[in-house]
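Just so you know, these numbers use all the heavy atoms, side chains as well, and skip hydrogens, waters and symmetry mates.
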Amino acid sequence: MEQLNRGFLNKKEQIFYQDLETDFHIGFDLPEERVLQFGEGNFLRAFVDYFIDLLNEHKLFDGGIVLVQPIDKGLIDVINEQDGLYTVLLRGLEDGHEVIKKRIVTSVTRGIDPYRDFADFMAVATKPSIRFVVSNTTEAGITFVASDRITDTPPSSFPAKVTLMLHERFKHFHGHKDRGLIFIPCELIDNSGDRLREVVLQYAEDWGLSADFIKWVDSSNYFTNTLVDRIVTGHPATNDLDYEDKLLVTAETFNFFAIEASGWAAAELNAKLPFAKAGVNAIVTEDVTPYKARKVRILNGAHTMSVLAAYLAGKETVGEMVGDPLFAKYLKKGIYEEIIPTLDLDHADLVSFADSVQDRFANPYIKHMLLSIALNSVSKFRARVLPSILEYQKRKNALPDVLTFSFAALVEFYRGDKVADDAEIMEFFGKKPTVAEICARTDYWGLDLNTVDGFVGKVEGYLKVGVVESLKTLLD
């Protein structure tokens, strides 16, 4: 079996085959390098790089991506061995119907390992065509490492590498205002762009770089905040490819990409990376906060409000849960009747997102174990479900039935032996505290839940009847 690379593609005619189930695309042209990307892992390759490939196919960008390996060991050798090519296999449900899409992504031109090819990394900084910088260096990636120096080849941290690269670009282009870059960090932390900017400026100060450089970083570069949403499951156990692809990656069909930007940066992003025109579920907005709330409260909140009760009812996976008519009804009531009324985005948009959540939960290609999702449920409940309970009570002057019940399920679950959380939390629940004692833990919930009118009594009522029996009664 031949390995995927551009030589392999050149032996074939261009293929674009489409029917109701499969979308398979192969392209050939090597686009001009316009994007520098820190991180070569599965997520970015099935997310941003896939989207840029769609832009190129629709003749909306014509841009290539240079991948930089952010840590000492990575996939750059394999990426170069395959000439930057790899296959993305999307599998999932859309409006309840099974969808499978395959695509050979051709937007990546090459990869650079700065630990072995430092000169190549610095040379990319001086390319006039580079305009956008994408990254996903894990949640811990945007940190300041005091031992990093400007003379390191390269420094260890991602922000230090960015600072070094920007300084090289600043010198090469003599601080020209039009040679700055737009950063699109996709790390899963709040305000990732703001944080990256802060650490870059911290390095500039620590390294004694010039005031002109610092001003240029601030005025000619733009650091966006983002919200990314797609489950990427990695390399499948089996596939039906007729070639070898060491970088094959699978993901769900759903995607959402929000980029927070304003002014000249927003205008340029809309003009040069018009993802929505290529069919991507993407938006450039001045504030990603409402979209974060939508994801946390509907998607994550639906998980947290349901998995503990489902496990107590004898389920093991999300698929089993959503396949049970009782839990299907439970999810629908909790999402559409109790969570959505607490959010302020357009109602049709919220409903559409909620519909996609139903499809995502039911995706037969993703096996989500309930106990895995149940990890650290106390902090998850505080962030994902409690805000909806409090907002619902504020707006309706009543407690939401399903969401309040989910707290009772949490109490019952944490009284069992399958809990995985901080040691102190596990020790506290191991003492079998009362509901009032649990609700009084302001360090867990951010407030004393005994002060929420009727909450303790309602939770105690569910527990007295029993979680499974209460669930049935709740949905009558």
Side-chain angles (χ1 to χ4, degrees), residues 1 3-5 22-25 37-54 65 67-94 98-108 111 113 134-141 185-189 226-257 280-281 295 299-300 303 316-319 356 359-373 375:
M1 186 178 291
Q3 184 175 4
L4 177 62
N5 54 42
T22 304
D23 176 0
F24 189 62
H25 170 75
Q37 177 172 302
F38 289 86
E40 77 284 19
N42 290 331
F43 179 76
L44 284 181
R45 289 190 291 108
F47 195 73
V48 176
D49 303 348
Y50 182 91
F51 300 159
I52 289 177
D53 201 58
L54 291 174
I65 307 164
L67 303 188
V68 175
Q69 187 173 290
I71 58 176
D72 191 19
K73 299 187 184 301
L75 296 173
I76 290 303
D77 286 344
V78 180
I79 285 166
N80 287 331
E81 186 181 316
Q82 295 191 180
D83 297 326
L85 303 177
Y86 60 92
T87 311
V88 174
L89 175 61
L90 303 181
R91 304 180 296 186
L93 299 180
E94 293 180 359
E98 189 170 323
V99 175
I100 299 175
K101 297 180 181 181
K102 296 179 185 176
R103 168 177 289 264
I104 292 181
V105 173
T106 62
S107 56
V108 174
D113 178 354
V134 175
S135 66
N136 187 359
T137 56
T138 77
E139 296 90 319
C186 298
E187 285 79 4
L188 297 178
I189 60 175
T226 65
L227 174 64
V228 299
D229 193 2
R230 165 170 273 175
I231 297 172
V232 177
T233 50
H235 200 290
T238 60
N239 64 77
D240 60 356
L241 302 180
D242 61 356
Y243 53 87
E244 181 183 6
D245 184 356
K246 298 176 182 177
L247 298 169
L248 170 64
V249 59
T250 58
E252 64 175 338
T253 57
F254 178 86
N255 67 82
F256 180 69
F257 193 14
V280 179
N281 187 12
K295 177 177 183 288
L299 173 65
N300 304 131
H303 262 151
E316 293 187 357
T317 68
V318 172
S356 73
D359 282 340
R360 297 173 78 181
F361 281 11
N363 188 342
Y365 295 100
I366 298 177
K367 188 175 182 179
H368 274 166
M369 304 302 295
L370 298 180
L371 284 180
S372 296
I373 302 171
L375 294 172

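- For F361, the ring pair (Phe, Tyr, Trp, His ring centres under 6.0 Å) criterion is met by H303, not counting sequence neighbours.
- T87 and D245 are linked by a side-chain donor-acceptor pair at a separation below 3.5 angstrom, with hydrogens and angles left out of the test.
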For Y243 and I104, what are the C-alpha separation, side-chain angles and deciding distance, and is it a side-chain contact (heavy atoms from CB on, under 4.5 Å)?
CA-CA 11 Å; Y243 53 87; I104 292 181; 3.4 Å; yes
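- Because its NZ or CZ atom is not both nearer than 6.0 Å to the ring centre of F254 and within 45° of the ring axis, R230 does not count as a cation-pi partner of that residue.
- Judged purely by distance below 3.5 Å, without hydrogens or angles, the side chains of E187 and S135 pair a donor atom with an acceptor atom.
- Taking a cutoff of 4.0 Å between a charged side-chain nitrogen and a carboxylate oxygen, D240 and K102 qualify as a salt bridge.
- Side-chain contact check for Y86 versus I79: every heavy-atom pair is 4.5 Å or farther apart.
- D229 pairs by the side-chain hydrogen bond (donor to acceptor under 3.5 Å, both in side chains) definition with R360, not counting sequence neighbours.
- T253 places no side-chain N or O within donor-acceptor distance of the main-chain N or O of G92, the cut-off being under 3.5 Å.
- Distance alone, capped at 3.5 Å, places no donor-acceptor pair between the R103 side chain and the L90 backbone.
- Taking CG of L44 as the start and CG of L67 as the end, the distance is 8.5 Å to the nearest 0.5 Å.
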Walk me through whether Y365 and E252 qualify under side-chain hydrogen bond (donor to acceptor under 3.5 Å, both in side chains).
CA-CA 8 Å; Y365 295 100; E252 64 175 338; over 6 Å; no
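- Put simply, the side chain of N80 gets close to the backbone of G111: a donor and an acceptor are under 3.5 Å apart.
- Remark: the backbone N or O of I65 is not paired with any side-chain donor or acceptor of Q37 at under 3.5 angstrom.
- For CD of E244, the number of neighbouring non-hydrogen atoms (other residues, nucleotides, ligands) closer than 6.0 Å is greater than 12.
- At least one side-chain heavy atom of T233 sits under 4.5 Å from a side-chain heavy atom of I231.
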Given the rule in the side-chain contact (heavy atoms from CB on, under 4.5 Å) test, do F257 and V48 qualify, once you have shown the distances and angles that lead to the verdict?
CA-CA 9 Å; F257 193 14; V48 176; 4.0 Å; yes
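- Among residues at least two apart or in separate chains, salt bridge (Lys or Arg N to Asp or Glu O under 4.0 Å) pairs with a member in residues 80-91 are E81-K246.
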